[in-house]
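All chains are named by letter (A, B, ...) in the order of the sequence lines, taking the proteins before the strands, and each is independently numbered beginning at 1.
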2 protein chains.
Amino acid sequence: MKTDLATANPRKTPRQRRSAVLVEAIYEAGARILETEGLAGLNTNRVAAVAGVSVGSLYQYFPSKEAIVAGLLRQSRQDLLDGMRQVLAASEGEPFEVVVDRLLGVAARGQFDRPNLARTLEYAEGMLAIDEETRALKTELAEEIAGFLERHGISRPLIAAWDLISLVRGLIDAAGLRGETDAADVQSRARSAVFGYLEKMRIAG
Amino acid sequence: MKTDLATANPRKTPRQRRSAVLVEAIYEAGARILETEGLAGLNTNRVAAVAGVSVGSLYQYFPSKEAIVAGLLRQSRQDLLDGMRQVLAASEGEPFEVVVDRLLGVAARGQFDRPNLARTLEYAEGMLAIDEETRALKTELAEEIAGFLERHGISRPLIAAWDLISLVRGLIDAAGLRGETDAADVQSRARSAVFGYLEKMRIAG
DNA sequence: CTCAGATGCGAGCTTTTACTCATATTATCG
DNA sequence: CGATAATATGAGTAAAAGCTCGCATCTGAG
């Protein structure tokens with residue numbers, strides 16, 4: 001638990017194809033373990049075993065087990081941010097409600113298929129030394145959303161963005177945990193919460 | 001990580017005062033560690049050290065480290081459930097909005113002062129073998145809220161209860177994590193989300 | 001084909017951690 | 001008090017986990 005930043009970043013980057021494959025296998029093994037057993041079940045020996053590689057190879061590219069988790073978190077955040085930006089870019093001139101719903105769709109898709117993984121990764125942030133870049137992705141996402149909200153007359157847009165992100169995450173996460181499978185239904189309830197919140201904010205803010 | 005139920009429950013109950021004090025010290029030490037270093041930072045040796053007792057004593061009352069976390073989770077849930085029930089019992093005939101706001105206050109108070117602890121405990125449920133009784137507390141809470149919602153004409157009350165609980169938790173949790181200190185402001189935003197959601201649900205349900 | 005650099009390996013060393021047990025101290029009650 | 005039950009202790013053990021290092025194998029440029 002003493003992990004500082006130096007040990008939470010990749011050690012070296014793969015140059016040949018086989019090493020890229022190896023790194024990918026490690027990430028997937030890590031994800032699977034986090035998904036089924038959580039942070040506490042993740043150890044380098046097991047990751048290596050599940051990935052079908054040796055511990056030594058693992059340590060060629062990951063200086064610590066935290067680095068694996070950090071990498072997964074970064075990927076997950078980057079994907080979400082990219083998805084959101086794509087929606088926003090492709091939705092110029094569209095009605096507010098439509099855009100919000102599309103954003104919601106991106107969020108739901110990213111979280112609902114592997115809810116345990118998503119939850120563990122988010123939880124991990126508070127416990128690990130995560131590099132600034134990965135942390136920044138979270139802020140970037142909020143700012144992206146905030147900009148969009150501001151353009152549509154929502155007051156305190158940054159606060160609202162944070163609130164909406166965390167509230168939607170909480171709702172979807174819990175639904176996944178309970179074993180709900182109807183993503184459309186969950187999304188529609190999340191929509192209610194989001195629009196409800198926004199309406200109140202338009203008046204009160 | 002193999003912990004089954006037998007090992008996640010208290011070993012024996014304190015009979016004298018000194019042992020009750022000891023157990024209390026262990027819980028508080030556990031809470032402090034979870035708060036600052038998360039689940040991964042919790043180990044029996046450290047808990048004992050922080051509590052100022054010996055490992056041997058710890059194992060007199062806790063069969064495993066999981067039992068400490070399980071106990072903390074149970075307490076936290078019991079407190080929340082009690083608080084909610086008290087509000088509901090004391091609010092017969094009060095307007096819906098007032099009661100909701102009081103419930104929100106209970107939730108916020110229980111979560112906002114030690115957000116890291118609250119988050120870790122909730123996360124822990126998925127990773128540990130928690131006794132049925134503690135698990136049931138979660139359901140009881142949802143059902144309590146659901147009953148209240150149903151009496152006020154909310155459709156799909158149980159789903160709505162789950163959604164509201166998790167959405168409020170997500171929102172408050174994130175606010176605490178970001179270091180917000182104005183509990184009243186957070187609560188008022190949570191109120192917006194809750195009423196917003198409920199209004200949509202009254203129509204759509 | 002060759003060879004230097006890149007990659008892969010896994011036995012094994014070290015540290016951490018869960019947990020026990022023999023022993024010592026303290027409370028309670030007659 | 002004195003005796004018995006309750007409680008507290010912490011050195012010690014076994015298992016798990018983090019991580020290294022010397023050596024084997026592969027790849028691609030020339």
Side-chain angles (χ1 to χ4, degrees), chain A residues 1-4 6-27 29-30 33-34 37-71 124 127-129, chain B residues 1-30 33-34 37-71 124 127-129:
Chain A
M1 276 295 96
K2 277 278 169 46
T3 48
D4 55 27
T7 68
N9 280 314
R11 179 164 279 182
K12 75 171 154 192
T13 21
R15 282 164 141 48
Q16 299 181 358
R17 172 158 305 166
R18 55 181 172 151
S19 50
V21 167
L22 184 146
V23 165
E24 202 34 60
I26 288 172
Y27 275 132
I33 293 172
L34 288 183
E37 308 184 43
L39 255 190
L42 191 92
N43 65 66
T44 49
N45 292 328
R46 243 161 85 57
V47 172
V50 171
V53 305
S54 79
V55 227
S57 297
L58 186 153
Y59 276 96
Q60 295 274 332
Y61 304 96
F62 299 92
S64 68
K65 69 168 180 170
E66 277 80 8
I68 302 170
V69 183
M127 308 301 133
L128 268 48
Chain B
M1 273 302 94
K2 278 273 169 52
T3 51
D4 54 27
L5 273 185
T7 67
N9 280 316
R11 176 163 282 181
K12 76 172 150 188
T13 25
R15 282 162 143 48
Q16 301 179 356
R17 173 160 304 167
R18 56 180 172 153
S19 51
V21 167
L22 185 147
V23 166
E24 202 33 61
I26 288 172
Y27 275 133
E28 180 50 34
I33 293 171
L34 288 182
E37 308 183 42
L39 254 190
L42 191 92
N43 66 66
T44 50
N45 293 329
R46 241 159 87 56
V47 171
V50 171
V53 305
S54 79
V55 225
S57 297
L58 186 153
Y59 276 96
Q60 295 275 333
Y61 304 97
F62 298 92
S64 68
K65 69 166 184 172
E66 278 80 9
I68 302 170
V69 183
M127 307 302 133
L128 268 45

Original post:
Do V47(A) and K65(A) have side-chain heavy atoms sitting under 4.5 Å apart?
Top reply: no
Subject >> Contact summary for A25(A) and A51(A), nearest pair of heavy atoms >> reply: O-CB, 3.6 Å
Short N/O separations, protein against nucleotides 2-5 of chain D, under 3.5 angstrom:
none

Subject >> Closest non-hydrogen atom pair between P14(B) and A20(B), with its separation >> reply: CB-N, 3.6 Å
Original post:
When rounded to the nearest 0.5 angstrom, what distance separates CG in L39(B) from CG in L39(A)?
Top reply: 8.0 Å
Original post:
Where along residues 43-55 of chain A does a heavy atom fall under 4.0 Å from DNA chain D?
Top reply: N43(A), T44(A), N45(A), V55(A)
Original post:
For L58(B), which contact category applies under a 4.0 Å heavy-atom criterion: base, sugar-phosphate, or nothing?
Top reply: nothing
Pull out every protein N or O sitting under 3.5 Å from an N or O of nucleotides 2-4 of chain C, one pair per line with the distance.
none

Subject >> Closest contact, heavy atoms only, Y59(B) versus T44(B) >> reply: OH-CG2, 3.1 Å
**OP:** Find the distance between CZ (R17(B)) and CG (L22(B)) and round it off to the nearest 0.5 Å.
**Re:** 14.5 Å
Original post:
Starting at CD of Q60(B) and ending at P of dA22(C), how long is that distance when rounded to a whole Å?
Top reply: 14 Å
Subject >> Rounded interatomic separation in angstrom, taking CG from L42(B) and P from dT16(C) >> reply: 17 Å
Original post:
Could you give the distance from CG (L58(A)) to CG (N45(A)), rounded to the nearest 0.5 Å?
Top reply: 9.0 Å
**OP:** Determine: side-chain N/O of Y59(A) to OP1/OP2 of dC19(D), distance under 4.0 Å, yes or no.
**Re:** yes
Original post:
Relative to the 5' end of DNA chain C, which residue comes earlier, R17(B) or S57(B), by the nucleotide with the nearest heavy atom?
Top reply: S57(B)
**OP:** Taking all heavy atoms of P63(A) and all of Y61(A), pick out the closest pair and write down the distance.
**Re:** CD-O, 4.0 Å
Original post:
Over how many whole Å does the gap from I26(A) atom CD1 to dC9(C) atom C1' extend?
Top reply: 13 Å
Original post:
Side chains of F62(B) and I26(B): closer than 4.5 Å at any heavy-atom pair?
Top reply: yes
**OP:** Could you state the atom-to-atom distance from CG of L22(A) to C1' of dT27(D) in whole Å?
**Re:** 15 Å
Original post:
When you check the phosphate oxygens OP1 and OP2 of dT17(C), does a side-chain N or O of K65(B) lie under 4.0 Å from one of them?
Top reply: no
Original post:
Whole Å only: how far is the CZ atom of R15(B) from the C1' atom of dC29(C)?
Top reply: 16 Å
Subject >> Nearest-nucleotide comparison on DNA chain D, the residue closer to the 5′ end among G56(B) and S19(B) >> reply: S19(B)
